[in-house]
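The block underneath contains the structure these notes are about, expressed in structure tokens.
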Number of protein chains: 2
Amino acid sequence: MSGKISTDLIRGNTVTIILNVLRQGDSYGYEIYKRIIDLSDQQYELKEATLYTAFRRLEKDGLITSYWGDETQGGRRKYYRITENGIEKYEENRKEWEVAKDILNQLITGGDPDGRE
Amino acid sequence: MSGKISTDLIRGNTVTIILNVLRQGDSYGYEIYKRIIDLSDQQYELKEATLYTAFRRLEKDGLITSYWGDETQGGRRKYYRITENGIEKYEENRKEWEVAKDILNQLITGGDPDGRE
DNA sequence: CCACATTACTTCATCTGTCAAAGTAATATG
DNA sequence: CATATTACTTTGACAGATGAAGTAATGTGG
């Protein structure tokens, strides 16, 4: 599993992916990490380092906020919540993806000399 | 036009896009540059610097070869031709894109709380 | 005839996102 | 009690994309 698809094909979608998970409710790093592997049918693993660096950026940009969970006993968990701006950003990115997908299809399969298009 | 879609959404597909153009016949830098803008309906411009750096890489990797055109008068043109390995690479990348597209759709729109999926 | 747009190619420094690696620390399990 | 798993963090390195600057020839409108 994981690493099945080139990371460069995902690049630029990381933020949208994280925001999409958070749209479904507050969550913390490790859970989001697992959720993404799950959503991708074990075909893509967003590495932890990437995930946590993205959190920093998202928080700095005001697209998410964070708070520590109140686990009295044991493992601390830092929860993330999507903001209004985050939701807007998600909607934008989603639309952008729909457009990019079509363009990419055209660029990758367009003008096919084998007539498969 | 151009720059409409984020470059990070295209990243990783540059090579596939170039190989796809060359599958349709030998071509030279500037023509390929124009062709990509054209194929994308003026929505995406692969910058010249990106294109030419990609040529270097592709040639080093044996996916394309190059030769100077015999324009006796004026503007020199360096033509590129796709190799057997290049064609194989294209087929691979194309398949990888098909897979990545589905996974990305799932990751970006999956588990939608608005029930749009 | 000349200024400017366009064709055509090149190089280099910089930026950004991704990730390997290494680490800390607690809990669960056999 | 050793090992796996959960959970979070930081840092350095790398690769691909691009801005910017440059060279040079040809075409074109005035």
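All values reported here derive from a predicted model rather than from experimental measurement.
Rounded to an integer number of Å, the gap from OH of B/Tyr33 to C1' of C/dA8 is 12 Å. In this entry the distance linking NZ of B/Lys47 with P of D/dT18 reads 5 Å, nearest Å. Atom C1' of nucleotide C/dA8 and atom CD of B/Glu31 are separated by 12 Å, given to the nearest angstrom. Regarding A/Asp8, its CG atom lies at a distance of 7 Å from the C1' atom of D/dG16, rounded to whole Å. C/dT7 atom C1' lies 16 Å from atom CG of B/Asp38, rounded to whole Å. Protein atom NZ of A/Lys78 is 21 Å distant from nucleotide atom P of D/dT6, rounded to whole Å. Spacing between atom CG of B/Leu51 and atom P of D/dG19 amounts to 14 Å, rounded to whole angstrom units. Whole-Å rounding puts the A/Tyr67 OH to D/dC8 P distance at 12 Å.
DNA chain D is contacted by both B/Leu46 and A/Arg11; A/Arg11 maps to the nucleotide lying nearer its 5′ end (nearest heavy atom per residue). Along DNA chain D, the nucleotide nearest to B/Gly12 and the one nearest to A/Phe55 differ in position, and the one closer to the 5' end is contacted by A/Phe55.
Using a 4.0 Å cut-off, no side-chain N or O of A/Lys34 falls inside it from OP1 or OP2 of D/dA7. A/Thr7 has no side-chain polar atom (N or O) that falls below the 4.0 Å cut-off from OP1 or OP2 of C/dG17. Contact annotation: A/Arg77 reaches the phosphate of D/dA7 (side-chain N/O to OP1 or OP2, under 4.0 Å). One finds a side-chain N or O of B/Thr50 lying less than 4.0 angstrom from the OP1 or OP2 phosphate oxygen of D/dT18. At C/dA8, one or more side-chain N or O atoms of B/Tyr28 fall inside 4.0 Å of OP1 or OP2 (strictly under the cut-off). Contact check, B/Arg57 against D/dG16: a side-chain N or O comes under 4.0 Å of OP1 or OP2.
Across every non-hydrogen atom of A/Trp97 and B/Lys101, the tightest pair is CZ2-O, 4.0 Å.
Ring pair A/Tyr79/A/Tyr67 is parallel by interplanar angle, where below 30° counts as parallel and above 60° as perpendicular.
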*Mind running side-chain hydrogen bond (donor to acceptor under 3.5 Å, both in side chains) on B/Glu59 and B/Ser66 for me, showing each step along the way?*
CA-CA 8 Å; B/Glu59 197 161 15; B/Ser66 67; 2.7 Å; yes
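In this structure the side chain of B/Ile18 never reaches within 4.5 angstrom of the side chain of B/Ile82, judged on heavy atoms. Side-chain contact between A/Arg23 and A/Glu91 is present, with heavy atoms from C-beta onward closer than 4.5 Å.
Considering only side-chain atoms of A/Tyr44, the nucleotide from D/dC8, C/dC19, C/dA8 that sits closest is C/dC19.
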Shorter than 3.5 Å, N or O on both sides, protein versus nucleotides 11-14 of chain C: list them out with atom names.
none

Let me check something: any side-chain donor-acceptor pairs from residues 50-57 of chain A under 3.5 Å, sequence neighbours excluded? List them with distances.
residue: A/Thr53; atom: OG1; partner: A/Ala49; partner atom: O; Å: 2.2
residue: A/Thr53; atom: OG1; partner: A/Thr50; partner atom: O; Å: 3.2

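Every residue meeting the side-chain contact (heavy atoms from CB on, under 4.5 Å) condition with B/Arg35, not counting sequence neighbours, appears here in chain and number order: B/Val21, B/Gln24, B/Asp38, B/Leu39.
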